[in-house]
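Just so it is clear, the model here is predicted, and its values are computed rather than measured. In the text below, chain A, chain B and the rest are named by the order of the sequence lines, each starting its count at 1.
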Amino acid sequence: MEIIGGSCRFGLWFVHVWWNDKTVHRVRFSRTGIPGGVPELIQRYCAGHVLNLSQLDTPAIREDTVYSRIYRAVQQVPYGSTSTYGEIAAGSGTSPRVVGQAMARNPVPLVIPCHRIVAAGGIGGFSSPLEIKEALLSMEKKGLRKGVK
DNA sequence: AACGTACACTTAT
DNA sequence: ATAAGTGTACGTT
């Protein structure tokens with residue numbers, strides 16, 4: 001099946017998604033939108049609904065590699081909570097530094113919620129503006145508090 | 001194929 | 001505050 005691209009709004013940014021059916025191949029953030037739609041789940045997530053995007057399928061978690069193991073561990077982190085690089089490392093049999101690398105190269109943010117992984121002593125980093133990581137976390141926190149919205 | 005360097009970190013001085 | 005330790009990837013020999 002052919003991969004289609006689309007975007008949807010998230011706060012000040014646009015989320016670009018390349019996907020087909022229930023499989024998401026690539027996600028990235030941008031200041032500008034592109035034509036086309038995104039999976040309904042992602043649309044609703046961006047609108048503030050409390051839902052776990054890890055139910056979406058992505059090739060990145062199917063490989064038999066260290067990164068895939070890490071990504072699967074990251075997907076276990078529930079909406080609105082956070083984990084640390086160290087914890088993910090322990091859970092996937094590697095080292096924190098590697099987790100950082102995996103996050104930095106994450107092809108599908110949101111689907112693999114790398115924004116929920118923070119440093120032991122602070123928020124840690126983010127490839128796109130750190131602002132986005134903070135916005136996502138505070139949105140999730142807010143969503144939990146309110147129940148749904 | 002080996003080698004050096006770079007990392008979105010951590011833990012121990 | 002600083003440094004040593006960590007596992008993997010990537011570019012350069």
Judged by modelled atom types alone, do [X] and [Y] share a side-chain donor-acceptor pair under 3.5 Å?
| X | Y | result |
| --- | --- | --- |
| A:S54 | A:N52 | yes |
| A:Y45 | A:E40 | no |
| A:H49 | A:Q43 | no |

Original post:
Atom CD1 of A:I88 and atom C1' of C:dT8: how far apart are they, to the nearest Å?
Top reply: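 Value for this atom pair: 17 Å.
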Original post:
Under 6.0 Å from the CD atom of A:E131, do we count more than 12 heavy atoms belonging to anything else shown?
Top reply: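 12 or below, so no.
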**OP:** Sugar-phosphate atoms are those with a prime plus P, OP1 and OP2; base atoms are the rest. Using that split, label each nucleotide of nucleotides 7-13 of chain B B, S or - for protein heavy atoms under 4.0 Å, 5' to 3'.
**Re:** BBBS---
Original post:
In dot-bracket form, how is DNA chain C paired, counting a Watson-Crick or G-U wobble pair only if both its distances are under 3.5 Å and using | for bases paired to another strand?
Top reply: |||||.|||||||
Original post:
Nearest heavy-atom pair of A:W19 and A:G37: which atoms, and what distance?
Top reply: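 Where A:W19 meets A:G37 most closely, the heavy atoms are NE1-O, 3.1 Å.
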Subject >> Sub-4.5 Å side-chain heavy-atom contact between A:V50 and A:E140 >> reply: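 Of all side-chain heavy-atom pairs linking A:E140 with A:V50, none is under 4.5 Å.
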**OP:** Using a 4.5 Å cut-off on heavy atoms from C-beta on, say whether the side chain of A:V27 contacts that of A:V15.
**Re:**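 With C-beta onward as the side chain, the pair touches.
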Original post:
Is there a donor-acceptor pair under 3.5 Å between the side chain of A:Q75 and the backbone N or O of A:V111?
Top reply: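 Yes; at least one donor-acceptor contact below 3.5 Å.
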